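A quick write-up on the structure given underneath.
The sequence lines fix the lettering, A, B, ..., with proteins before strands; numbering per chain opens at 1. Owing to the predicted nature of the structure, the values given are computational and were not obtained by experimental measurement.
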There are 2 protein chains.
Amino acid sequence: MTPAALACIEAADLVIGYQTYLKQIAALLQGKESLAYPMTTEVARAQMAVDAARSGRNVVMISGGDPGVFGMAGPVLEVAARSGLDVRIEPGITAATAAASRLGAPLMQDVALISLSDRLTPWSTIMKRIRLAAEADLVLVFYNPSSQGRVRQIGEVRAELLTILPGTTPVGIVRNAFRDDETVLVSDLQHFLDHPVDMATTLIVGNRATAVWNGRMITPRGYRL
Amino acid sequence: MTPAALACIEAADLVIGYQTYLKQIAALLQGKESLAYPMTTEVARAQMAVDAARSGRNVVMISGGDPGVFGMAGPVLEVAARSGLDVRIEPGITAATAAASRLGAPLMQDVALISLSDRLTPWSTIMKRIRLAAEADLVLVFYNPSSQGRVRQIGEVRAELLTILPGTTPVGIVRNAFRDDETVLVSDLQHFLDHPVDMATTLIVGNRATAVWNGRMITPRGYRL
């Protein structure tokens, strides 16, 4: 979190967010009003935040990582668009770069960030994007690679990628980056599904230049060393 | 900058970086040794940092935005790989998400981050990546869109994109995000080159769903409002 985001929370009258994220900042919420929402209530959360702000309150909506990457910035702005409210978005560290920093330097070349959640995007669209991004030799970062109700898709992604990229392509698996129970692992396209992959996991699939040196995943930009 | 990155700089014996970035943190460097390098000396900078660290010093290499996105994490790890040194990478706010937060919420759907610098990547590779990413309907973020010695390329990118995307596709132009001389502008694919675009600029080209509401660029994720 940046000092600017922290200052927003400290100045807020009301903090709204997904319950898991509110728990992570419980220490900041002492003596402050907060409203916890379960998953899949994004629009209700945004509406509540906008209604409270329209009543004159200083409201902060928190979001995981960077609110602008598959986060709450969109729903809040969409709901607020009709209200004329002043909405400020504070960027944060998104999962792609948090995970990359733990793995090494996999994002030194062009990269695609793709969510595997098909709740709001058709699965065929997601698969087409993955195929074209791999053909473009982009490094691939997968958000939301799997969940309790969605386990089949990541296997399909792996099978499709194996028609384009070698099985030895490095795959980084980072779970709960920068939290107490963080796990960081480097595998490859052939074998990465031997390891657990869930909603708290970010996957980074290298491009044709990505290599593993001393256990760290590096996509060289092409400097002459 | 995160508090963790700040703490690293405060603890350092020696801070190394591109001269422009060192100037931006001059207040943190009072009474501390620092080494400023000009542009295009990435490998020399990395080698100096590794040599100093091997001599037992606590060295920080600074980088703009997030060091893991087209930044110094790669060169440092590549040079350090032969040394057995312990290198820690602290993530930061990369230009894509800094710029997005100023524009609205353009990155709510899948996105490609592409550097237009052809110093280390062949121009034909960059153009192929852009073409495939646009066909995949990814939101496009262009780093290093233009420079004093590289002015033709962004026109080629625009011409190519106009064969795939409508001229009305929103294009966000953010220069020096979060600095005193920040400028933020929303244009479209037809007209964005009427505005100045340089190395300090980040461009965000929407996908087919991106729209401008109340002056803010939003790529709706598809929630039912």
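Using a 4.5 Å cut-off between non-hydrogen atoms, the part of residues 102-115 of chain B that approaches chain A consists of Arg102(B), Gly104(B), Ala105(B), Leu107(B), Met108(B), Gln109(B), Asp110(B), Val111(B), Ala112(B), Leu113(B), Ile114(B), Ser115(B).
Both the backbone and the side chain of Ser117(B) come within contact range of chain A, judged by heavy atoms closer than 4.5 Å. For Arg221(B), the parts lying near chain A are the backbone and the side chain together; criterion is any non-hydrogen pair under 4.5 Å. Only the side chain of Arg119(B) has a heavy atom closer than 4.5 Å to any heavy atom of chain A. Residue Asp137(B) touches chain A through both its backbone and its side chain, counting heavy-atom pairs closer than 4.5 Å. Neither the backbone nor the side chain of Tyr143(B) has a heavy atom closer than 4.5 Å to any heavy atom of chain A. Looking at Ala81(B), the atoms closer than 4.5 Å to chain A (heavy atoms on both sides) sit in the backbone and in the side chain alike. Of the two parts of Val87(B), the backbone and the side chain both hold a non-hydrogen atom closer than 4.5 Å to a non-hydrogen atom of chain A.
Taking CD of Glu90(A) as the reference point, atom CD1 of Ile93(B) lies at 8.5 Å (rounded to 0.5 Å). The CE atom of Met1(A) sits 11.5 Å away from atom OG1 of Thr2(B), with the distance rounded to the nearest 0.5 Å. In this structure, the separation between CG on Leu138(B) and CG on Leu138(A) is 7.5 Å, given to the nearest 0.5 Å. To the nearest 0.5 Å, atoms CG (Leu120(A)) and OH (Tyr223(B)) are separated by 5.5 Å. Summarising the geometry, atom CG belonging to Leu77(B) is positioned 4.5 Å from atom CD1 belonging to Ile218(A); distances are rounded to the nearest 0.5 Å.
The residue among Ala44(B), Ala133(B), Pro75(B) with the most heavy atom pairs within less than 4.5 Å of chain A is Pro75(B). Options Gly74(B), Ala80(B), Gly222(B), Pro67(B) differ in how many heavy-atom pairs under 4.5 Å they form with chain A, and the most are formed by Gly74(B). Note on Thr97(B), Thr94(B), Val43(B), Asn214(B): by heavy-atom pairs under 4.5 Å with chain A, the leading option is Thr97(B).
Summarising the local packing, CG of Asp86(B) is surrounded by 12 or fewer heavy atoms from other residues, nucleotides or ligands at distances under 6.0 Å.
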